[in-house]
Amino acid sequence: VVVATALVNMYGKCGDLDEALHIFYRLPGKNVVTWNTMIEVSASQGQGEEAFHLFKEMCVAHIMPNKSTFVSLLSACVNEENLVEGKNFHSCIIRSGIICDAVLDTALVTMYGKCGSPRDARAVYDAMNACDVVAWTAMMAAYIQHGQGNEVLLLVHKMPTGVLLDNVTFVSILDACAAEGALEEGRLMHALVLDSEFFSDVVVGTALVNMYNKCGKLEDARSAFDTIPKWD
RNA sequence: AACCGGGGCCUG
């Protein structure tokens, strides 16, 4: 079963879903990891409906889904922009008694954000026990997608304590600052960038240049541009 | 021992 599951994963990730399904359906004794793998590769290949269908079959087979199962299903909801299924899986999670961790909660935040319900995303986010940089970034991304730049800037001042910002977070916030013309928060981020290991990151640097340009600070944009070494 | 979460530009 372990080897067959690895095969399903390999064929699925390589884009041959038919071969993955062929092995999957002929395999006796499938366990929860086997089902998760098939669901995940279906979702990652853009076959969300297949993933939803597999989940129903999984339930019929009395295999109990776990956190990984739902993370994959939620990403399928994101691809399909299917809020109805997303809410359905959310209630499945609650009913199943699974204790959410940061990974699952972040998948929920992302799903609600991408499926058009930043309000629900925020409710999940606020209820999180262990909020980390990734969840925080996902929450801001939800607001950014819906043009709620003000909410992003409010969140910037409520960053989780004791965490280091990463390059993904810097770019997200700087883009929001650019869209909002929020020079104050932009300069704050610039200071944090200079203190971080990303001070010479080309992607972060691009976001800084863009932010200063959108804020009308062309000289600052130019000096940020000139600060980045090995510009290509 | 096999499966799982966030961003800009480009490929679009």
Side-chain angles (χ1 to χ4, degrees), chain A residues 1-13 20 23-24 27 29-45 51 54-55 58 63-79 86 89 93 98 100-114 118 121 124-125 128 130-145 152 155-156 159-160 163-179 186 189 193 198 201-214 224-225 228 231-232:
Chain A
V1 176
V2 173
V3 172
T5 301
L7 277 172
V8 167
N9 190 40
M10 185 275 291
Y11 278 116
K13 294 272 166 67
I23 295 169
F24 179 80
L27 180 67
K30 293 186 277 286
N31 62 25
V32 62
V33 177
T34 317
W35 284 93
N36 287 352
T37 302
M38 195 62 243
I39 289 172
E40 165 57 27
V41 296
S42 299
S44 69
Q45 300 294 318
L54 283 161
F55 177 69
M58 181 181 183
I63 304 292
M64 291 302 296
N66 61 19
K67 291 174 191 173
S68 295
T69 319
F70 287 113
V71 169
S72 298
L73 289 166
L74 289 168
S75 82
C77 295
V78 168
N79 295 331
F89 292 132
I93 291 167
I98 287 175
C100 283
D101 59 4
V103 173
L104 187 49
D105 276 327
T106 301
L108 281 166
V109 169
T110 301
M111 182 279 293
Y112 279 124
K114 294 261 166 66
V124 172
Y125 178 82
M128 284 184 69
C131 183
D132 65 2
V133 192
V134 179
W136 186 54
T137 306
M139 188 62 245
M140 288 190 287
Y143 283 131
I144 291 167
Q145 179 172 338
V152 177
L155 269 179
V156 164
M159 72 178 81
V163 297
L164 280 179
L165 304 203
D166 64 13
N167 51 343
V168 176
T169 306
F170 282 131
V171 172
S172 297
I173 296 174
L174 287 168
D175 285 348
C177 292
M189 283 304 121
V193 167
F198 303 105
D201 185 292
V202 173
V203 178
V204 173
T206 303
L208 275 169
V209 171
N210 182 48
M211 181 276 294
Y212 279 124
N213 274 329
K214 294 286 164 59
F225 180 92
I228 299 168
W231 193 269
D232 60 14

Original post:
When Watson-Crick pairs (N1 to N3 and N6-O4 or O6-N4) and G-U wobble pairs (N1-O2 and O6-N3) count only below 3.5 Å on both distances, what is the dot-bracket string of RNA chain B, with | for other-strand pairs?
Top reply: ............
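- Judged by atom type and distance alone, A:Asn31 reaches the base of B:A2 through a side-chain donor-acceptor pair under 3.5 Å.
- For the pair A:Phe24 CZ and B:C3 C1', the computed distance is 12 Å after rounding to whole Å.
- Atom CZ in A:Phe89 sits about 16 Å away from atom C1' in B:G5, given to the nearest Å.
- The side chain of A:Val134 approaches B:G5 more closely than any other nucleotide in the set B:G5, B:C4, B:G7.
- A:Val171 has its side chain within reach of A:Asp175: a pair of non-hydrogen atoms, C-beta onward, lies under 4.5 Å apart.
- Scanning atom types as modelled, no donor and acceptor separated by under 3.5 angstrom connect the side chain of A:Asp105 and the base of B:G5.
- Between the CG atom of A:Leu155 and the P atom of B:G7 there is a distance of 16 Å, rounded to whole Å.
- Interatomic distance, CG of A:Asn79 versus NZ of A:Lys114, reported as 9.0 Å (0.5 Å rounding).
- The side chain of A:Lys30 contributes no N or O atom lying less than 4.0 Å from OP1 or OP2 of B:C3.
- The residue A:Asn167 sits close to a base: some heavy atom pair falls under 4.0 Å.
- A donor N or O paired with an acceptor N or O is not found under 3.5 Å between the base of B:G8 and the side-chain atoms of A:Ser172.
- The A:Ser68 side chain lies nearest to B:C4 when the options are B:A2, B:G6, B:C4.
- Taking atom CE of residue A:Met139 and atom C1' of nucleotide B:G5, one finds them 15 Å apart after rounding to whole Å.
- Taking the centre of each ring, A:Phe24 and A:Trp35 come in below the 6.0 Å mark.
- A:Asp132 comes within contact range of at least one nucleobase, with a heavy-atom separation under 4.0 Å.
- Of the candidates B:A2, B:G5, B:G7, B:G5 carries the atom nearest the A:Val103 side chain, counting heavy atoms from C-beta on.
- A:Thr169 comes within 4.0 angstrom of a base, heavy atoms only.
- Scanning atom types as modelled, one donor and one acceptor separated by under 3.5 angstrom connect the side chain of A:Thr106 and the base of B:G5.
- Taking every side-chain heavy atom of A:Ala138 into account, B:G6 is the closest of B:C4, B:G8, B:G6.
- Rounding to the nearest 0.5 angstrom, the gap separating the CE atom in A:Met159 from the CD1 atom in A:Ile173 is 6.5 Å.
- Across the protein-nucleic acid pair, A:Trp136 atom CH2 and B:G5 atom C1' stand 17 Å apart, rounded to whole Å.
- Within the nucleic acid shown, A:Val133 comes within 4.0 Å of at least one base atom, counting heavy atoms only.
- The distance from atom CG of A:Asn66 to atom P of B:A2 is 15 Å, rounded to the nearest whole Å.
- In terms of modelled atom types and a separation under 3.5 Å, the side chain of A:Asn167 and the main chain of A:Phe198 share no donor-acceptor contact.
- Closest approach of A:Val163 and A:Val133 over heavy atoms only: CB-CG2, 3.5 Å.
- If you take NZ of A:Lys67 and P of B:G5, they are 15 Å apart, rounded to a whole angstrom.
- Listed candidates were B:A2, B:C4, B:G7. Nearest to the side chain of A:Glu40 is B:C4.
- The A:Thr34 side chain lies nearest to B:A2 when the options are B:C4, B:G8, B:A2.
- Taking both residues in full, the closest heavy atoms of A:Ala138 and A:Thr106 are given as CB-CG2, 3.9 Å, listed atom of the first, atom of the second, then distance.
- Taking atom P in both B:G8 and B:C4, one finds a spacing of 22 Å when rounded to whole Å.
- Rounded to whole Å, atom P of B:G7 lies 21 Å from atom CE of A:Met211.
- Checking the phosphate oxygens (OP1, OP2) of B:G8, no side-chain nitrogen or oxygen of A:Lys214 falls inside 4.0 Å.
- A:Asn31 and A:Thr34 share a side-chain donor-acceptor pair at under 3.5 Å.
- When all heavy atoms of A:Gly186 and A:Leu174 are compared, the pair lying nearest together is O-CD2, 4.2 Å.
- Among the atoms of the strands shown, base atoms are found under 4.0 Å from some heavy atom of A:Ala102.
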